[in-house]
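Worksheet: one structure, shown below.
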Protein chains: 2
Amino acid sequence: MTRPPGRPQGRAGHEGRRTAILRAALEVFAERGYQGATIAIVAERVGLSQQGVLHYFPNKQDLLANVLALRDQNDLDVLLATAQGSATTLDFLADLVERNAERPGIVQSFTVLAAESVTQDHPARDYFIDRYAQTRRMLTTMLERELGGDPPRGVSHQDAATLLIAVLDGLQQQWLLSPDEVDMPALLRTFLRLIHPEADANPQ
Amino acid sequence: MTRPPGRPQGRAGHEGRRTAILRAALEVFAERGYQGATIAIVAERVGLSQQGVLHYFPNKQDLLANVLALRDQNDLDVLLATAQGSATTLDFLADLVERNAERPGIVQSFTVLAAESVTQDHPARDYFIDRYAQTRRMLTTMLERELGGDPPRGVSHQDAATLLIAVLDGLQQQWLLSPDEVDMPALLRTFLRLIHPEADANPQ
DNA sequence: GTCTATAAAAAGATAGAC
DNA sequence: GTCTATCTTTTTATAGAC
């Protein structure tokens, strides 16, 4: 029962708790948005009182900020794992959406928080502005490297990147409301064929 | 001061007030979302007390329902007015986005409420499910009539419609956060060229 | 039709015991 | 580290005066 020197049990327990709280918070934000979420509901999910949660995160905004940071961390992991098995950038995107179609909670948290962030004084506004700008830059670079000098169908790489993100977001919105009517992965592949017909992303 | 029989002054005033309240409510929902909006803020905008508003709409949900109904009414007006001057369906869409780029408030109300509607028990959930389904059907029909039997670039008319709506929504999200970086009308035209290269929507 | 007063509930946050 | 108790504010909604 004595704590090993290099990694004190208290710390590990502390960090574990924090992560558990953040995971629960992401879930609750997905279900109810940031405004609709309450600290008490998050607390209940992890078996704590409201004040138990406030011990780890001083207030609701701080909780959201840390949820978004964790999301970035997870996204990076998923991105790298997915990129491993994908031959091309377009394949990678198709795989990513395939994966997302199995994680409605994650998708919903993103969709709801991103849209909410455009409202007045929303605490995640700057986060999403930066995140979209960064994603546009990253995808632009990936498309440039992949598709070489000539833009696909006369569409600049940057415009293709912006449109790609728009399609991803927009399909998620429709899919969340009508999962049976909107085949998100198939529709993304259709769009990918539009911007680059030759290198078809192989379905499954 | 006696009321004319056919159209009592009280009625007219009553309806005018209602409309003024609904317009203010749409504004507030755009700025803060449904959850973040309060009846008191809406009341302030129209120079009434909170209870003044509740005299016209019994509760917050009813207010939202009527805002959405008004939106449908306005949309129909704008749609018809825009369709007048547009030669083709794709032209019409380009014009519509051009118009929307001048009305950030309207766009924001739609984006925020639509995303919020995917959350648990949201009062506008069914409205948006129906609305998206209806819009998909309408656009599909328009594309079929317009582009004839052969689907554009091998993409079915229905898939093209779904993707079109996705692009519209997704571009709005990015444009609302970074209006200077995202040229929404130009990007929509680029997408329209992708699905139908021959009939280019003329810029401006 | 509009207001004041007020009830009733919800939610964020602090203080302090254990 | 976690809880109970409590404060404070906000917000929806009702009751009733004018």
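From a predicted model like this one, the values you see are computed outputs, not experimental measurements.
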Quiz item: So which nucleotide from D:dG1, C:dG1, D:dA13 ends up closest to the side chain of A:His55?
Solution: D:dG1

Quiz item: In Å and rounded to the nearest 0.5 Å, what is the CZ to CG distance from A:Phe191 to A:Leu168?
Solution: 8.5 Å

Quiz item: What distance do B:Met142 atom CE and B:Thr135 atom OG1 have between them, rounded to the nearest 0.5 Å?
Solution: 11.0 Å

Self-check item: Modelled atom types, side-chain donor and acceptor of B:Asn66 and B:Tyr56, under 3.5 Å
Solution: no

Quiz prompt | Which atom of A:Gln173 lies closest to which atom of B:Ala114, heavy atoms considered | solution = NE2-O, 3.0 Å

Practice problem: For B:Leu63 and D:dT12, give me the distance from atom CG to atom C1', rounded to whole Å. | Solution: 13 Å

Exercise. Starting from P on D:dA13, measure out to NZ on B:Lys60 and report it in whole angstrom.
Key: 8 Å

Quiz item: Is it true that atom CD of A:Glu144 has more than 12 heavy atoms of other residues, nucleotides or ligands lying nearer than 6.0 Å?
Solution: yes

Self-check item: Neighbour count >12 (heavy atoms, 6.0 Å) for atom CD, B:Glu146
Solution: yes

Self-check item: A:Ile195 side chain near A:Val155 side chain, heavy-atom distance below 4.5 Å
Solution: no

Practice problem: Using a strict 4.0 Å threshold on nitrogen-to-oxygen distance, state whether B:Arg99 and B:Asp95 make a salt bridge. | Solution: no

Dump the pairs, protein N or O against N or O of nucleotides 4-9 of chain D, anything under 3.5 Å, distances to one decimal.
residue	atom	partner	partner atom	Å
D:dA5	N6	A:Gln51	NE2	2.9

Quiz item: At under 4.0 Å between heavy atoms, what does B:Leu54 touch on the DNA or RNA strands: base, sugar-phosphate, or nothing?
Solution: base

Practice problem: Taking only heavy atoms on the protein side, list every residue of residues 38-45 of chain A lying under 4.0 Å from any atom of DNA chain D, sorted numerically. | Solution: none

